[in-house]
Every structure is written in structure tokens, then in C-alpha cells.
K.L.:
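For reference, the structure I am asking about is given below.
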Amino acid sequence: DAGITQSPRHKVTETGTPVTLRCHQTENHRYMYWYRQDPGHGLRLIHYSYGVKDTDKGEVSDGYSVSRSKTEDFLLTLESATSSQTSVYFCAISESIARENNEQFFGPGTRLTVL
Amino acid sequence: LAKTTQPISMDSYEGQEVNITCSHNNIATNDYITWYQQFPSQGPRFIIQGYKTKVTNEVASLFIPADRKSSTLSLPRVSLSDTAVYYCLVGSGTYKYIFGTGTRLKVLA
């Protein structure tokens, strides 16, 4: 399995508090992604990184920010958590986005509950 | 990005071959077709990818007709452990793949 860890794995927090989720990889892959998964919506891309300090927004980026100061770490921050951000968050990595070599490897997920 | 349509759910029995079809009428010339599998409480896992005709690996086969407007993931002789959600993705040279809600396959004993 690809070396991807997410921390914490479970978190319960209250509305209005800041939350940071961490994704750590040992594969030295260039591309990193944050997704959220909700019933009825499947997986939706929040933010994406194509290198250190290089990030871009996905389809559901409102209320989230990211940072990537090192190749191996990609942080997702909820500045002020809301109940609508209760979800399972997955980090993914890929070596390439070339059409024939774009396999994404996913982490184990973080279950976040905002009360 | 090409939109994909897949059945919401399917049931099958152990030992049967399962075919899951994905429709992608607006597929672009450079797009590849990729399938992922997701078990409960885990992240998705890459299964197979193809551009045209047929691709086979140790897990599945992918059939793509000449017009490439659809594709079929074939799982031979499924077992209970193949119960999962299967996602069809279409795209090329992009990070913005759309996973959608996938097809929930339930394998029955």
C-alpha cells in the first residue's frame, strides 16, 4: 500500500472552532488532493496541490483552505467549522496527472463530526 | 470533463460474472477511462484504466467499444469480498476527475 497517513482519524468538534487535518505521504509524489465524501454525493474534490506551495481549488472549496510547505505534507484547514462540514475526508496522492499514468492512491480517511 | 452515468446499484451472486456499464457520451478524443473500487470505511482503490478496445489485469477487464461512448467493467466470478462501490471516471491530463456516486455492488451468498 502507498505510504499515506491521515491524522486525526476521528475528530468531534464544535461549530465555530478551527480544525486542521493532516495528510502525510512517504512516496514523494508531486500531486496531493483533499476530497470529502458524503452520502448521496460521492467523492468531491476540495483542494489540490501540484507542488510545494502550489495549490488550486476543487469543486467544493468554500470554507476550506490548504497549505503545502513540504512535499510530504498537505494540510486542510476549516477556519470555522460548520455542521455542513461533517463528513469523511480523504487525502490522495498521485505521481502524475498524465492521461495514461494518473492513478490516485488514497489515505484511510478522517471522520469529522461538527456539533 | 465528460459526464458519466452508471447504475446506482447491482446485486449478484457469488461465482457469477458481473458487468457494470458506464455511459460517457461526451468523452473527448484524449480522455482515458478509469475505474476505482471502494470498500466500506476505506478510500477508493484504482482497478483498471483503458483508452480503447479491451484491457485486462489480474482483477478485472475493461471493454470499450469503438465509439468510446460507454465502457463496461467486468469482474469474473465475484466473491463476497467484491462487495463495494465502483466508480467510473473519464478525463485526461487533469486532476479534476469527477467520482460521482458510483455503482454499489452487493454480492450475495
Side-chain angles (χ1 to χ4, degrees), chain A residues 1-6 9-10 21 23 25 29-51 54-61 66 68 74 87-111, chain B residues 1-9 20 22 24 27-53 55 57-60 62 64 68 71 84-105:
Chain A
D1 288 343
I4 310 169
T5 56
Q6 293 184 231
R9 293 292 314 279
H10 302 270
L21 308 183
C23 177
Q25 61 145 327
H29 283 357
R30 176 180 177 183
Y31 301 90
M32 299 187 74
Y33 315 78
W34 276 108
Y35 291 89
R36 60 177 290 175
Q37 185 167 39
D38 306 288
H41 290 279
L43 276 158
R44 293 180 292 175
L45 181 66
I46 305 172
H47 278 283
Y48 148 83
S49 171
Y50 48 97
D54 293 322
T55 64
D56 197 1
K57 296 179 179 179
E59 60 180 306
V60 290
S61 59
V66 291
R68 191 167 177 201
F74 193 31
S87 186
V88 178
Y89 291 85
F90 287 102
C91 173
I93 65 173
S94 70
E95 188 173 20
S96 167
I97 58 170
R99 58 179 189 162
E100 70 280 8
N101 181 27
N102 54 26
E103 178 178 352
Q104 293 188 25
F105 301 91
F106 283 79
T110 294
R111 184 173 295 276
Chain B
L1 290 173
K3 177 179 169 57
T4 61
T5 303
Q6 333 174 205
I8 294 174
S9 64
I20 305 174
C22 179
H24 29 79
I27 189 168
T29 302
N30 293 331
D31 285 347
Y32 271 59
I33 301 156
T34 309
W35 286 80
Y36 281 79
Q37 172 190 56
Q38 185 178 24
F39 297 116
S41 301
Q42 294 184 25
R45 184 181 71 167
F46 173 93
I47 302 177
I48 197 166
Q49 183 181 65
Y51 183 75
K52 61 181 180 180
T53 63
V55 179
N57 62 22
E58 66 278 6
V59 177
L62 179 60
I64 305 169
R68 303 196 334 119
S71 59
V85 178
Y86 293 83
Y87 298 94
C88 166
L89 288 71
V90 172
S92 66
T94 178
Y95 56 87
K96 291 184 177 180
Y97 287 95
I98 298 175
F99 275 80
T101 55
T103 297
R104 190 172 299 275
L105 172 66

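Computed from a predicted model, the values in this text were never measured in an experiment. Letters A, B, ... are given to chains in the order of the sequence lines, protein chains preceding strands, and every chain is numbered from 1. Side-chain atoms are counted along with the backbone in the values below, which use heavy atoms only and exclude waters and symmetry mates.
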K.L.:
Is it the side chain or the backbone of Gln42(B) that comes within 4.5 Å of chain A heavy atoms, both, or neither?
P.N.:
backbone
K.L.:
Calculate, to the nearest 0.5 Å, the distance between atoms OH and CD belonging to Tyr36(B) and Gln104(A) respectively.
P.N.:
4.5 Å
K.L.:
Are Phe106(A) and Tyr87(B) close enough that their ring centres sit under 6.0 Å apart?
P.N.:
no
K.L.:
When rounded to the nearest 0.5 angstrom, what is the spacing between OG1 in Thr101(B) and CZ in Arg44(A)?
P.N.:
11.5 Å
K.L.:
So, using ring-ring contact (aromatic ring centres under 6.0 Å, His included) as the criterion, who are the partners of Tyr32(B) when residues are at least two apart?
P.N.:
Tyr51(B)
